[in-house]
Amino acid sequence: NNKNVLDPVQHVRNQFKESIGMLVDAFKGETFKTGPKIMTPEDAFGFFGADCVLDNDLDVYMIEAQGGLGLDEDYYFRLEMHHDLF
């Protein structure tokens with residue numbers, strides 16, 4: 001265990017923030033290239049998704065990044081899949 005971590009929640013939160021920041025930076029060329037010519041990354045937004053794991057030392061690892069949230073997928077399929085998993 002990481003004994004240097006004073007606030008475990010803040011430790012994990014900071015790792016998620018850094019991980020998601022890197023994801024946004026990686027996708028910004030694709031996300032913000034459409035739209036009005038005056039649009040800049042500072043004037044726009046995008047939705048991203050990421051799958052992460054958290055280990056016993058409270059270290060966050062991003063294992064998969066997506067350029068969206070997957071909201072367009074079949075919702076009931078996900079319910080059935082999760083039910084079958086657990």
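Because only heavy atoms are used, hydrogens play no part in the values below, and waters and symmetry mates are left out as well, while side chains stay in.
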Shared hydrophobic cluster, Tyr61 / Val12 (ILVMFWY, side-chain heavy atoms < 4.5 Å): no
Separation of Asp7 CG from Leu58 CG (nearest 0.5 Å): 10.5 Å
Distance, nearest 0.5 Å, that separates OG of Ser19 from CG of Asn14: 12.0 Å
Residue pair Gln15, Leu54: steps toward the side-chain contact (heavy atoms from CB on, under 4.5 Å) verdict: CA-CA 10 Å; Gln15 289 182 77; Leu54 183 65; 5.6 Å; no
